[in-house]
Amino acid sequence: MQFENERITMNYNFREIEAKWQKFWAENQTFKARNNSEQPKFYVLDMFPYPSGAGLHVGHPLGYIASDIYARYKRHKGFNVLHPMGYDSFGLPAEQYAIQTGQHPAITTEANIKRYREQLDQLGFSFDWSREVRTSDPKYYKWTQWVFIQLFNSWYNKDSNKAEDITDLISVFEKEGNTNVQAVCDDDTPQFSAEDWAGFSDRTKQEILLKYRLTYLADTEVNWCPALGTVLANDEIVNGVSERGGHPVIRKKMTQWSMRITAYAQRLLDGLDTIDWPQPLKDSQTNWIGRSEGAHVEFNVQGSDHKIAVFTTRPDTIFGASFMTLAPEHELVAKITSPEQKAEVEAYVEVTAKRSERDRMADVKTISGVFTGAYAEHPFTKDPVPVWIGDYVLASYGTGAVMAVPCGDQRDYDFAKHFNIPIPNIFEGVDISEEAFADKANTIIANSDFLNGLNFRQATRKVVDELEKIGQGQGKINYRLRDAVFSRQRYWGEPFPVYYVDGMPQMIADEHLPLELPEVEKYLPTETGEPPLGNATHWAWDTQSNTVVANELIDDQTVFPLELNTMPGWAGSSQYFNRYMDPGNDNAIYSEEAIGYWQDVDLYIGGSEHATGHLLYSRFWQKFLFDKGIAPKDEYAKKLINQGMITGTSAFVYKDMDSNKVYSKGLIEGKNTIPIHADVSLVNASDELDIEAFKEWQPDYKDSEFVLEDGKYIVGREIEKMSKSKYNVVNPDHICEEFGADSLRLYEMFLGPLEQSKPWNTAGITGVHSFLKKLWKLYGTVSDTEANAENLKTLHKTIKKVEEDIENFSFNTSVSTFMICVNELTAQKCTSKSILEPLAILVSPYAPHIAEELWERLGHTESIAAAAFPKFDERHLVESSKEYPISFNGKMKFTLELPLDMGKDEIEKAVMAHEKTKAQLNGREPKRVIVVPGRIVNIVG
RNA sequence: GCCUUGGUGGCGGAAUUGGUAGACGCGCUGGAUUCAAAAUCCAGUUCUUUCGGGAGUGUGGGUUCGAUUCCCACCCAAGGUACCA
């Protein structure tokens, strides 16, 4: 039987088809995931977006398309797939907009989300929208606040190496004080006994407990950005200025909430070995955590009780220490400086204080420093060691002081050379007349008393033992990672569930959450410099009614002031992946059943810019939730892929500086021109500018003379980040309108490897679009004719390749494979349903709309989404002969078709007998003939 | 400086264990169709050439019958990070 589908012979009407199936999926909830199933689970997660006012550009959906293909593929493979989406909807831009316009950020955010949803929907993603979360929704941030409270009520026990209840710690204090407690806590935590504890006031007890809690209030040096009126985390600062807006940042002491992420430094490091994440990302996190192994050493200061503590990674070189250097800000500087040196030291300290952190970082070459006049005492030789200050030592790392070993460290070496300080050589057979010798692996210690003859490892162990014996040091592991400041002086963020009694923070009880963000008149800081929440008139906690009440009612008896800071951007994103498992749950962050079923994320796709922010913080929260038995896994994402950035192809016109002329690209040589960005929508595929449209767009050029080449104005091109200010943004809406979502999806994948960054060029989309038209045409006639061997070979080769490609995230090569397949089947005039049916399933993860339509037209009534992935059958690819490449000295000259079952000797005989071989050899006798059956023949000589 | 990733036609890129370099697509050239255009279809397209060939995957070496693939040294680009003691 053969039938011709009338409508399928019509043109490929992608607009109608795509609208139809998007509606179908929404109405039938085709992609709703169940929280229990006989099928194996698979969780595919995208990094949820911040819904910005600019909407999506073509770069944004890249990762979503890839994850959608994977999610759809896994459904075809019989998995129960969780593929959710939501919005990271607290954030700065909506608040900045509110400051400018007075519009409530919630309104802006809602409008932006609506627009995002439209844009996402038109791309045909298989998200389970019933699970949508928004971080700014009180029903959601209730649980962000809840996690904060759990952190507040926990401390880190180094003995068990996990977070435990603060109540357990209190019982220990009551029983035996803190002398035996191995905890991660503040450095200034005092030692006390059980009796001491019993005698402490309630306030003192609270103060001490704050030194242990995993989130705590402390005076910290923070990065303050005056222009934004808020503190910023280290990862929010790029090159010394704010990541958003590029404003200067200064150091300032403020009382802030902090997260004791340093407690997890080692586990965050160790965990990296257990997860399949990209190496560069792991390296970023490893560097950020910055573990260094060494020793803590204390030097007594001669003639005083002061001790200078240093951290060194080279305790083995201690006998080479010929001076010490303190950071100019070091607290001992004022205390130990001799009267004679006082003036000079103070002048130096003042000069460095004036230099910004940026200047100091930029200027690494200039060596500066001052002698304090004080001497420390070498722990072993008891020799005096001069103490200097120098700005190459940073107050914020280690102890802010170093023991300088000029023969083993280049910076110490340069400093010593500059100030004529002796450079004793403590290495065997090493010349240090030109530079320091920092090679640990080849170190043999000399001139070092009991360390002589030892290598780095032996000497380190020995010296640490000796230091411990004399009580002047011990082995230590130092981390670069700092505790994370968790307070922001913003309006549009999660309020802390905290009120203050007598200045001490108190948590609002779980059952009264969420504490909702109050209304304010103005979104700016108050006149007294308090955060925006200081403008709220209803922002006090009534402990009787457990509600928010008017500020006038504050009596510090039953009504107390609430916290005015809000949480940072990463709060809401640190547990959203778990919340998706049970997003509607109002009684728990998620049910045990839900997390018991879904466990963790199987595939997480997102940008690498979150390496040391979100991706580190969320791992920390997960480990904490794991310690508390709230999450079953201590790493939440087994595999992570960073999609590359899609860059823009900016266009330039060249304005002559000396005249009113604007020159075409080919004419600028030797002229004094400056490039001006032109909007990419005004340029065609051949780089030709629409001059009239350009003049209309930039009226400043209305009267300019455009100098053409060959009658055309040709623009210059450059690859840059896609951004509004560079006029190189390409909007997916226009692409969908002109070519359809399936074309856009295919094209984004076709562009190149997922993880690689690559430039966008709209011109190329016609290739994949005409592929879809060819695919459509292929289904114009469908018959029950049995497939022939050729058809089956084409199909099965495609099945094999596409399946391998998806498993390897090599989506670009699948698109080529589809093109080859359709070209071949078209050439074969294939009409067999038994070929076209599985082909539709293969295509469906990539181009789901057209696949659904073709599937329906093949007679199916159910969505293609649940159809089983075609099974690859090796038998269809079996060949009987092979086109052998015949090469001479490794260069292929011609091919020769020979049966595959032919033996080595026969092949050689056949090849040598061939006339082309004789022609190549031209009478020479070959030295050697290499025959690899099934692969190649190579004739040497 | 250090760490990571990468370097292949005019462009995006392909080549799974060392075995026909440039698949697939864009662009370009020529042709068919058309009053014309769009669309579609066909052919060609790494460079070079005296039309026999010759060269060719950032550069220079090496291993091999054979190297885009493995090894060594270097150059360049992108991203991360930085007086980290």
Side-chain angles (χ1 to χ4, degrees), chain A residues 11 278-288 290-292 294 310-314 317 325 360-361 363-367 390-394 396-405 408-412 414-415 438 478-480 608-609 611-612 642 644-645 647 649 685-687 717 719 746-747 750-753 755-771 773-774 777 801 804-805 808 810 812-820 823 883-895 919 926-932 934-941:
Chain A
N11 284 340
Q279 196 55 44
L281 196 149
K282 288 187 181 184
D283 290 340
S284 287
Q285 293 207 346
T286 305
N287 291 336
W288 192 261
R291 181 186 202 269
S292 43
V310 301
F311 173 75
T312 174
T313 54
R314 296 296 305 272
T317 63
T325 314
R360 254 172 90 171
M361 276 201 270
D363 180 19
V364 200
K365 302 233 162 62
T366 320
I367 295 164
D391 68 0
Y392 80 96
V393 177
L394 301 177
S396 55
Y397 183 76
T399 61
V402 300
M403 66 171 210
V405 182
D409 181 285
Q410 195 58 44
R411 290 156 306 174
D412 296 344
D414 295 340
F415 194 88
N478 202 46
Y479 297 93
R480 201 187 77 110
S608 59
E609 67 273 19
T612 53
N642 291 130
M645 196 173 31
T647 46
T649 313
S686 317
D687 293 348
R717 291 289 203 176
I719 307 297
L746 279 176
Y747 188 52
F750 189 55
L751 234 36
E755 306 197 38
Q756 196 174 300
S757 98
K758 56 239 160 197
W760 178 267
N761 178 7
T762 306
I765 200 169
T766 53
V768 293
H769 188 65
S770 54
F771 156 73
K773 286 195 268 192
K774 284 183 208 162
K777 255 192 177 155
K801 176 82 172 126
E804 283 168 0
D805 282 348
N808 293 322
S810 174
N812 54 326
T813 49
S814 294
V815 181
S816 312
T817 305
F818 289 136
M819 289 173 171
I820 294 167
N823 289 345
E883 282 265 318
Y884 275 93
I886 313 300
S887 42
F888 292 79
N889 298 317
K891 291 247 174 235
M892 202 280 289
K893 295 295 174 187
F894 62 92
T895 59
K927 285 199 195 100
R928 213 174 145 186
V929 179
I930 313 281
V931 177
V932 185
R935 282 218 182 268
I936 201 169
V937 178
N938 189 19
I939 298 161
V940 187

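Below, read A as the first sequence line, B as the second, and so on, with proteins coming before strands; counting in each chain starts at 1.
With a cut-off of 3.5 Å on both Watson-Crick or G-U wobble distances, the partner of rG19(B) is given as rC65(B). With a cut-off of 3.5 Å on both pairing distances, the Watson-Crick or G-U wobble partner of rU59(B) is rA73(B). The partner of rC28(B) is rG44(B), by the rule that a Watson-Crick or G-U pair needs both atom distances under 3.5 Å. Remark: rG1(B) base-pairs with rU81(B). Criterion, Watson-Crick or G-U wobble with two distances under 3.5 Å.
Of the candidate nucleotides rU20(B), rA85(B), rG19(B), rG19(B) has the atom nearest to the side chain of Val932(A). Considering only the side chain of Thr766(A), rC26(B) comes nearest among rU5(B), rC83(B), rC26(B). The listed nucleotides are rG12(B), rA14(B), rA85(B); the one nearest the side chain of Leu751(A) is rG12(B). Nearest to the side-chain atoms of Lys801(A) among the listed nucleotides rG13(B), rU20(B), rU16(B) stands rU16(B). In this structure, the nucleotide among rC24(B), rU81(B), rA85(B) sitting nearest to the side chain of Tyr397(A) is rA85(B). The side chain of Lys777(A) sits closest to rU40(B) out of rU40(B), rC24(B), rG19(B). Of all nucleotides listed (rG19(B), rA23(B), rC26(B)), rG19(B) comes nearest to the side chain of Ile930(A). Closest to the side chain of Thr813(A), from the set rA23(B), rA14(B), rA85(B), is rA14(B). Checked against rG19(B), rU81(B), rC83(B), the side chain of Leu394(A) finds its nearest nucleotide in rC83(B). For Met819(A), the listed nucleotide lying nearest its side chain is rG25(B); candidates were rG12(B), rC83(B), rG25(B).
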List, with names and distances, any nitrogen or oxygen atoms from the protein found under 3.5 Å away from nitrogen or oxygen atoms belonging to nucleotides 54-63 of chain B.
residue, atom, partner, partner atom, Å
rG54(B), OP2, Lys893(A), NZ, 3.3

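For rU49(B) and rG56(B), the C1' atoms lie 14 Å apart once the distance is rounded to whole Å. rU46(B) and rG13(B) have their C1' atoms separated by 15 Å, with the value rounded to a whole Å. Rounded to the nearest Å, the gap between the P atom of rC3(B) and that of rC47(B) is 39 Å. Between rG27(B) and rC11(B), the distance separating the two C1' atoms is 7 Å to the nearest Å. The same atom, C1', is picked in rG9(B) and in rA23(B); the two are 13 Å apart, to the nearest Å. Comparing the C1' positions of rU57(B) and rG6(B) gives an interatomic distance of 14 Å, to the nearest angstrom. Comparing rA21(B) with rU8(B), their C1' atoms are spaced 8 Å from each other, to the whole Å. Taking the C1' atoms as reference points, rG61(B) lies 14 Å from rC75(B), given to the whole Å.
RNA chain B is contacted by both Gln756(A) and Asn823(A); Gln756(A) maps to the nucleotide lying nearer its 5′ end (nearest heavy atom per residue). Across the interface with RNA chain B, nearest-nucleotide mapping of Asn812(A) and Val815(A) shows Asn812(A) to be the residue nearer the 5′ end.
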Verdict with reasoning, Val937(A) to Ser887(A), per side chain to side chain contact (heavy atoms under 4.5 Å, CB included) = CA-CA 6 Å; Val937(A) 178; Ser887(A) 42; over 6 Å; no

Could you please spell out the steps behind the side-chain hydrogen bond (donor to acceptor under 3.5 Å, both in side chains) verdict for Asp412(A) and Tyr392(A)?
-> CA-CA 9 Å; Asp412(A) 296 344; Tyr392(A) 80 96; 2.8 Å; yes

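Contact check, Arg928(A) against rC65(B): a side-chain N or O comes under 4.0 Å of OP1 or OP2. At the phosphate of rC84(B), neither OP1 nor OP2 sits under 4.0 Å from any side-chain N or O atom of Arg291(A). Residue Ser292(A) places at least one side-chain N or O closer than 4.0 Å to OP1 or OP2 of rA85(B). In terms of phosphate contacts, Asn761(A) brings no side-chain nitrogen or oxygen within less than 4.0 Å of OP1 or OP2 of rC26(B). A close approach under 4.0 Å does occur between a side-chain nitrogen or oxygen of Lys773(A) and OP1 or OP2 of rU40(B).
Thr895(A) places no side-chain N or O within donor-acceptor distance of the main-chain N or O of Glu883(A), the cut-off being under 3.5 Å. Checking side-chain atoms of Asn938(A) against main-chain N and O of Gly890(A) turns up a donor-acceptor pair under 3.5 Å. Put simply, the side chain of Lys893(A) never gets that close to the backbone of Ile886(A): no donor and acceptor are under 3.5 Å apart.
One N or O donor and one acceptor, one from the side chain of Arg935(A) and one from the base of rU17(B), sit under 3.5 Å apart. At a cut-off of 3.5 angstrom, counting only N and O atoms as typed in the model, there is a donor on one side and an acceptor on the other between the side-chain of Glu804(A) and the base of rU16(B).
Residue contacts shown for Lys927(A) are absent, as no nucleic acid heavy atom lies under 4.0 Å away. Heavy atoms of Pro278(A) sit nowhere under 4.0 angstrom from any nucleic acid atom. At a threshold of 4.0 angstrom between heavy atoms, the contacts of Thr286(A) with the nucleic acid are absent. Across all strands, Asn478(A) comes closer than 4.0 Å to no nucleic acid atom at all (heavy-atom distances). Val940(A) comes within 4.0 angstrom of the backbone, heavy atoms only, and of no base. Using a 4.0 Å heavy-atom cutoff across all strands shown, Asp283(A) reaches sugar-phosphate atoms only and no base atom. Nucleic acid contact class of Asn808(A) (heavy atoms, under 4.0 Å, all strands): none. Within the 4.0 angstrom heavy-atom criterion, no nucleotide atom of any strand lies near Lys282(A). Counting non-hydrogen atoms under 4.0 angstrom, Ser770(A) reaches the backbone sugars and phosphates but no base.
Gln285(A) places its CD atom 20 Å from the P atom of rG79(B), with the value rounded to the nearest Å.
rG10(B) has its base anti relative to the sugar, with a glycosidic angle deviating from 0 by more than 90°. Under the 90° criterion around 0 for the glycosidic angle, rG27(B) counts as anti.
Between Asp805(A) and Thr817(A) the shortest side-chain heavy-atom distance falls below 4.5 Å. Put simply, the side chain of Glu609(A) does not reach to within 4.5 Å of the side chain of Asn642(A), judged on heavy atoms.
Side-chain contact annotation: Trp288(A) with Thr286(A), donor-acceptor N/O pair under 3.5 Å absent. Between the side chains of Thr813(A) and Ser810(A), at least one donor N or O sits under 3.5 Å from an acceptor N or O.
Legend: residues meeting side chain to side chain donor-acceptor pair (under 3.5 Å) with Arg935(A), ordered by chain and number and at least two apart, are absent.
Among Tyr747(A), Phe750(A), Phe818(A), the one residue that satisfies the side-chain contact (heavy atoms from CB on, under 4.5 Å) test with Phe771(A) is Phe818(A).
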